[in-house]
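The sequence lines fix the lettering, A, B, ..., with proteins before strands; numbering per chain opens at 1.
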Protein chains: 2
Amino acid sequence: MNEKTDRKQDILQAAIACFNEAGIEATSIDAIRARCGASVGSIYHHFGNKEGIVAHLFINGLDQYWQQLLAALAAAEGAETAVKAMVATYIDWVVHNPELARFIFQARTLVNRGEQGQRLQQNNKANYSQVLAYFRPWLEKGELRQLPLELYAALIVGPAQEYCRAWLSGRAKTPPPQLADDLADAAWRAVGNPR
Amino acid sequence: MNEKTDRKQDILQAAIACFNEAGIEATSIDAIRARCGASVGSIYHHFGNKEGIVAHLFINGLDQYWQQLLAALAAAEGAETAVKAMVATYIDWVVHNPELARFIFQARTLVNRGEQGQRLQQNNKANYSQVLAYFRPWLEKGELRQLPLELYAALIVGPAQEYCRAWLSGRAKTPPPQLADDLADAAWRAVGNPR
DNA sequence: ACTTGCACTAGAATTTTATTCTAGAATATT
DNA sequence: AATATTCTAGAATAAAATTCTAGTGCAAGT
């Protein structure tokens, strides 16, 4: 159970490094092979094709984030804490997994179409409805502003996401944690009910 | 001056259609060729390589958006009008150019790296500093909340961007214009100074 | 009108990259 | 140990990107 995952992990690590250095499209299978010492055969055995590697990294990476997010929500005690925790968790995850985050921003569209797109969408839907379950009571108690349901995600994490994307690409310099409080406050102003 | 641009435009139109149907990576030069009736030679003459096509579509498309945005800002009379106009303009542009918008979301990373990345970044910087010029007086007059400069863009258009992305990919159903007011209000709550 | 130069087009030839295939090594299962 | 299964290697093939060669047509200068 050790050597098995090793080669597979080696390939994944080499792949994400290449993807971030050169971009997904510009990374050749051979570049990945050269970097991790595997053979083409081995790579194709484990992942089927290039898109398979991308999808694997993407889906597992995102899942890791959802786990953190749901854990944070489970620990939150009120609407305000929860909303602010969502922003904080997002930033925390990006800062602790910058390579993965950068990669995920790149790969979204690609994976959505590909063979695993279905699976990804199901995952998202399931996770999203769990988040909604946490929010419903707060909505009913009037702790949250009444807004179209489809809007909450964008209002709460949209700005953090947008800023992190800029930071990861070098456009913005200030490390996200320094802005975390401002972003969390803004999120709460966006969806919190002032009563 | 007519046939010249025609062929070039044909190629661009065919390309963006292919890119949106199959994704940039999955689109072959031959697919573009087949769709517009040009020859490979002609395509390479005009754009150098596949990335050249992508960059051209991206940079011109984005420029069109910046023009609209700057025009809207020029017409705005106060901070609140301006901030809300930024959101409205963004949504308006996406809804009127859905193909282009979808494409731009896909291509961002790719173009940023490529040969034209430099140029893109310069354009962005120049446009961004124009926007900042509009904002500075409002900041000084205290109409806007004092926040780290790097944050305003994300706070104002981040949620709209995030929602439009979801809408374009089919994840969200409500047409953005129906949510425009909510998004504009949220943007103003995020950056407006309550005095 | 002629010819010279240049932008453009076509499609074949080449190069690069992705993917498939065949055979053998390692590992697990009985 | 015998057999099946998973994994690895690298050569062979297929598909795609890019380059190259040879034109065509148009415009400026004569």
Side-chain angles (χ1 to χ4, degrees), chain A residues 1-58 60 103 106-107 109-111 113-117, chain B residues 1-58 60 103 106-107 109-111 113-117:
Chain A
M1 191 233 168
N2 211 358
E3 294 87 17
K4 247 205 275 189
T5 42
D6 261 3
R7 177 47 56 102
K8 207 170 167 181
Q9 289 307 320
D10 288 351
I11 296 169
L12 288 170
Q13 275 178 29
I16 201 172
C18 291
F19 291 153
N20 274 319
E21 278 171 24
I24 295 172
E25 187 159 13
T27 297
S28 70
I29 295 290
D30 197 61
I32 299 172
R33 189 202 52 67
R35 189 167 192 135
C36 67
S39 65
V40 247
S42 191
I43 294 176
Y44 275 86
H45 169 74
H46 285 298
F47 300 103
N49 54 27
K50 190 165 140 185
E51 194 182 289
I53 308 176
V54 174
H56 190 284
L57 284 168
F58 188 94
N60 289 314
F103 165 77
Q106 272 187 73
T109 323
L110 192 55
V111 180
R113 288 187 214 281
E115 295 191 44
Q116 309 283 188
Chain B
M1 190 237 167
N2 210 1
E3 295 85 19
K4 250 205 272 190
T5 41
D6 262 3
R7 179 45 57 98
K8 208 171 168 181
Q9 288 307 321
D10 287 352
I11 296 169
L12 289 170
Q13 275 179 27
I16 201 172
C18 290
F19 291 154
N20 274 319
E21 277 172 24
I24 295 172
E25 187 159 13
T27 298
S28 69
I29 294 290
D30 198 60
I32 298 171
R33 187 202 53 67
R35 189 166 193 136
C36 66
S39 65
V40 244
S42 191
I43 294 176
Y44 277 86
H45 168 73
H46 285 298
F47 300 104
N49 55 26
K50 189 164 140 183
E51 196 181 288
I53 307 176
V54 174
H56 191 283
L57 283 168
F58 188 94
N60 288 313
F103 165 77
Q106 273 187 72
T109 323
L110 190 57
V111 180
R113 287 186 214 281
E115 295 191 43
Q116 309 283 188

Nearest heavy atoms of Ile29(A) and Lys50(A), plus distance in Å: CD1-CB, 4.0 Å
Rounded to whole angstrom units, what separation is found between the CZ atom of Arg33(B) and the C1' atom of dT18(D)? 15 Å
Interface with DNA chain D, restricted to residues 16-28 of chain B and to heavy atoms under 4.0 Å: Thr27(B), Ser28(B)
Please give, in whole Å, the distance from dA13(C) C1' to Ile29(B) CD1? 17 Å
Would you call Glu21(B) and Arg35(B) a salt bridge, using N to O less than 4.0 angstrom? yes
His45(B) side chain near dT19(D) phosphate (N/O to OP1/OP2, under 4.0 Å): no
Whole angstrom is fine here: how far is it from CD1 in Ile43(B) over to P in dA16(D)? 14 Å
For the residue pair Ile43(B) and Ile53(B), establish whether any side-chain heavy-atom pair is separated by less than 4.5 Å. yes
Report the distance from atom CG of Asp6(A) to atom C1' of dT27(C), rounded to the nearest whole Å. 15 Å
Which pairs, protein N/O on one side and nucleotides 10-12 of chain C N/O on the other, fall under 3.5 Å?
| unit_1 | atom_1 | unit_2 | atom_2 | d |
| --- | --- | --- | --- | --- |
| dA10(C) | OP2 | Arg7(B) | NH1 | 3.0 |
| dA10(C) | OP2 | Ser39(B) | N | 3.0 |
| dA10(C) | OP2 | Ser39(B) | OG | 3.3 |

Measure the spacing between CZ of Arg113(A) and CD of Glu25(B) and express it to the nearest 0.5 Å. 11.0 Å
Got a sec, which residues hit ring pair (Phe, Tyr, Trp, His ring centres under 6.0 Å) with Phe58(A), two or more places apart in sequence or on another chain? none
Least distance between heavy atoms, Val111(B) atom then Ala55(B) atom: CG2-CA, 4.2 Å
Side-chain touch Asn20(A)/Gln106(A), heavy atoms, less than 4.5 angstrom: yes
From OH of Tyr44(A) across to C1' of dA11(D) the rounded distance in Å is 15 Å
Considering residues at least two apart in sequence or located in another chain, which fulfil the ring pair (Phe, Tyr, Trp, His ring centres under 6.0 Å) criterion with Phe47(B)? His56(B)
Winner on side-chain proximity to His46(A), out of dT19(D), dT19(C), dT8(D), is dT8(D)
Using the closest heavy atom to pick a nucleotide of DNA chain C for each, name whichever of Asp30(A) or Ile11(B) lands nearer the 5' end. Ile11(B)
For atom CZ of Phe47(A) and atom C1' of dT6(D), their distance in whole Å: 15 Å
Is there a side-chain contact between Gln13(A) and Cys36(A), using heavy atoms and a 4.5 Å cut-off? no
Listed partners of Glu115(A) passing side-chain contact (heavy atoms from CB on, under 4.5 Å), at least two apart: Asn49(A), Glu51(A)
Please check if the side chain of Thr27(A) supplies one atom and the backbone of Gly23(A) the other of a donor-acceptor pair under 3.5 Å. yes
Here the residues of residues 49-58 of chain A within 4.0 Å heavy-atom distance, strictly under, of DNA chain D are none
